[in-house]
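To start, the structure itself, in structure tokens.
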Amino acid sequence: MAANSEKKSKTNREVVLGFLEEAESWQLLSNQFPSKVGGRPSWLSQVDLPTVSELQCEKCKLPAVFLLQVYAPITEYDQCFHRTLFVFCCKTPACYIRNDNKCFKVFRCQLPRKNDFYPFDPPPDEKPEHLVNDHQVLGSGLKLCRLCGCLGQKACSRCHSVTYCCKEHQTIDWKHGHKKECSNESSQSSEELNSFLFPEWELVTDPEELPAKDEECHEGHRLDQESMACLNNGLEDSELESMAHHETQDSKAFQKFKKRFANEPQQVLRYCKGGSPLWVSAEHVPCEEDVPECPCGAKRLFEFQIMPQLLNHLKVDRTDASIDWGTVAIYTCADSCDQGTKYSAEFIWKQDFSGDQAL
């Protein structure tokens with residue numbers, strides 16, 4: 001009964017959907033506590049940033065690039081008055097091996113309302129007269145990589161006015177335009193977003209609204225019939241017998257995903273802390289043992305997932321190869337344990353579409 005009750009409560013939790021909108025650059029700065037996609041990270045804590053080694057892709061060993069951040073405070077916990085989750089991914093298509101999550105990184109950062117970096121009261125809704133641009137130097141004095149916005153401690157040996165996280169990013173930025181800027185000591189570094197970063201968007205949310213239950217059940221029955229008809233088409237009885245269980249389960253999972261996705265086809269994120277992900281396939285679904293506990297000893301629970309629709313906004317399509325995923329699920333510490341000003345690594349599970357599935 002307990003297990004069934006837990007499953008039921010997970011299913012009934014409210015799902016909040018994330019959509020992309022254009023925003024003014026000042027609205028996406030750290031002191032506005034944004035949820036956003038692309039550009040440089042808007043760091044929450046101004047100290048103890050993830051190191052270069054912590055951000056490395058485990059495949060190619062190059063630094064992962066900022067993908068998105070979700071502002072997700074927990075009102076029950078004083079230490080989580082401000083709380084943001086940061087996701088980074090590798091930009092090398094070859095690292096995107098099927099159902100392998102080693103090209104992703106996720107970090108949780110949280111602060112109490114009274115902290116060393118932000119005013120006690122919420123920020124104003126209008127544009128401030130004096131903007132604090134924290135793209136290259138944080139208020140704490142930490143220097144950031146001019147290219148990616150992560151911790152950057154290697155200064156340009158020629159002008160000493162800009163810093164980088166690694167030699168690779170310094171080389172990219174040199175070719176991108178710093179070579180010209182560096183030769184003119186009086187010129188200031190450009191703050192425009194560079195082509196290395198993903199396009200920047202604000203991430204706005206709305207509760208998911210599902211069709212009426214009877215309508216949903218009818219639609220689900222119809223889709224199951226269609227999926228079975230497709231499955232049967234062109235297959236011999238012997239093949240069906242050997243494939244029936246696996247293919248039917250996988251088809252049901254994909255049809256469920258398509259049906260929920262079709263209600264709001266522009267969704268790029270689904271947030272449901274403590275709930276269950278919407279899987280694209282019955283394959284490569286984690287069991288409880290696959291999700292490691294937090295170092296504090298608490299379980300990690302599902303918090304949100306990144307949808308494949310986001311790929312359409314990242315400008316990553318190439319004729320030869322591209323980064324890709326079916327869905328990316330993020331699991332975080334159930335207790336959201338207090339790590340002070342640090343960025344705590346959490347867990348990611350990447351699931352790809354199986355076979356010829358496509359939205």
Side-chain angles (χ1 to χ4, degrees), residues 10-25 27-30 32-44 64-75 80 82-89 101 104-110 193 197-211 256-280 300-316 323-332 336 346-353 359:
K10 279 187 176 184
T11 304
N12 293 339
R13 291 178 188 270
E14 182 186 49
V15 176
V16 177
L17 305 181
F19 303 91
L20 299 184
E21 284 189 1
E22 293 183 355
E24 294 187 46
S25 58
Q27 295 175 306
L28 303 179
L29 296 175
S30 296
Q32 300 297 313
F33 308 109
S35 292
K36 74 185 197 83
V37 166
R40 299 177 179 88
S42 296
W43 299 109
L44 183 61
V65 178
F66 174 72
L67 177 61
L68 61 80
Q69 62 188 78
V70 176
Y71 183 66
I74 303 176
T75 54
C80 298
H82 297 298
R83 179 175 176 272
T84 302
L85 300 165
F86 296 81
V87 180
F88 297 79
C89 69
N101 61 4
F104 284 91
K105 300 286 182 178
V106 59
F107 297 90
R108 168 177 55 89
C109 183
Q110 57 201 38
L193 289 177
L197 302 173
F198 294 123
E200 190 171 39
W201 303 83
E202 184 178 13
L203 190 57
V204 298
T205 57
D206 276 315
E208 182 181 40
E209 295 183 7
L210 293 176
K256 178 183 176 182
F257 181 89
K258 285 183 69 175
K259 181 172 67 172
R260 292 287 288 272
F261 182 82
N263 291 327
E264 292 286 356
Q266 297 305 313
Q267 60 182 284
V268 299
L269 184 140
R270 297 174 65 87
Y271 185 96
C272 187
K273 185 172 173 59
S276 299
L278 182 61
W279 299 113
V280 303
R300 283 193 172 103
L301 301 178
F302 170 73
E303 185 154 352
F304 69 90
Q305 69 186 103
I306 303 168
M307 302 295 279
Q309 180 68 15
L310 181 59
L311 290 162
N312 294 335
H313 301 274
L314 299 182
K315 297 183 178 179
V316 293
I323 69 173
D324 196 17
W325 62 74
T327 191
V328 180
I330 284 76
Y331 294 78
T332 60
S336 209
E346 295 289 11
F347 182 72
I348 274 186
W349 186 273
K350 181 171 79 78
Q351 186 193 51
D352 290 302
F353 291 109
L359 289 178

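No experiment lies behind these values; they were computed from the predicted model shown.
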What distance separates [X] [atom1] from [Y] [atom2], expressed to the nearest 0.5 Å?
X: C89; Y: I306; atom1: SG; atom2: CD1; value: 8.0 Å
X: I330; Y: K273; atom1: CD1; atom2: NZ; value: 12.5 Å
X: L44; Y: S30; atom1: CG; atom2: OG; value: 7.5 Å
X: L20; Y: Q309; atom1: CG; atom2: CD; value: 8.5 Å
X: F198; Y: H313; atom1: CZ; atom2: NE2; value: 13.5 Å

Only one of L203, V268, V204 forms a side chain to side chain contact (heavy atoms under 4.5 Å, CB included) with F19, so which one is it?
->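 So, applying the side chain to side chain contact (heavy atoms under 4.5 Å, CB included) to F19 and each of L203, V268, V204, only V204 qualifies.
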State whether [X] and [Y] are salt-bridged, where the test is any N-O pair (Lys NZ or Arg NE/NH1/NH2 against Asp/Glu carboxylate O) under 4.0 Å.
X: E346; Y: R108; value: yes
X: R40; Y: E200; value: no
X: E303; Y: R83; value: yes

Any idea which heavy atoms bring [X] and [Y] closest together, and the distance?
X: Q351; Y: W279; answer: OE1-CE3, 3.3 Å
X: F88; Y: A64; answer: CB-CB, 3.8 Å
X: G326; Y: F353; answer: CA-CE1, 3.6 Å
X: Q305; Y: L278; answer: OE1-N, 2.7 Å
X: P34; Y: L28; answer: CG-O, 3.5 Å
X: F302; Y: Y331; answer: N-CD2, 3.3 Å

Given side chains that start at C-beta, do those of [X] and [Y] come closer than 4.5 Å, heavy atoms only?
X: S336; Y: C80; result: yes
X: K350; Y: T327; result: no
X: K36; Y: Q27; result: no
X: V37; Y: L314; result: yes
X: E14; Y: E208; result: no
X: L67; Y: F104; result: yes
X: L301; Y: T332; result: no
X: P308; Y: F257; result: yes

List the steps and the verdict of side chain to side chain contact (heavy atoms under 4.5 Å, CB included) for W325 and L310.
-> CA-CA 10 Å; W325 62 74; L310 181 59; 4.2 Å; yes
Which class fits the ring pair [X] and [Y]: parallel under 30°, tilted 30 to 60°, perpendicular over 60°?
X: H82; Y: F33; value: parallel
X: F304; Y: Y271; value: parallel
X: W349; Y: F347; value: tilted

Look at the side chain of R13 and the backbone N and O of G274, then say whether any donor-acceptor pair between them is shorter than 3.5 Å.
-> yes
If only atom types and distance count, is the side chain of Q267 paired as donor or acceptor with the main-chain N or O of E264 below 3.5 Å?
->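 Checked: pair present.
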Walk me through it: do L17 and T205 pass the test side chain to side chain contact (heavy atoms under 4.5 Å, CB included)?
-> CA-CA 5 Å; L17 305 181; T205 57; over 6 Å; no
Begin from the C-alpha positions of V328 and V87 and carry the test side chain to side chain contact (heavy atoms under 4.5 Å, CB included) through to its verdict.
-> CA-CA 10 Å; V328 180; V87 180; 5.7 Å; no
Going through the distances and angles, do Q69 and T84 end up as a side-chain hydrogen bond (donor to acceptor under 3.5 Å, both in side chains)?
-> CA-CA 7 Å; Q69 62 188 78; T84 302; 5.1 Å; no
Between E22 and E202, is a side chain to side chain contact (heavy atoms under 4.5 Å, CB included) present by the stated rule, with each step listed?
-> CA-CA 6 Å; E22 293 183 355; E202 184 178 13; over 6 Å; no
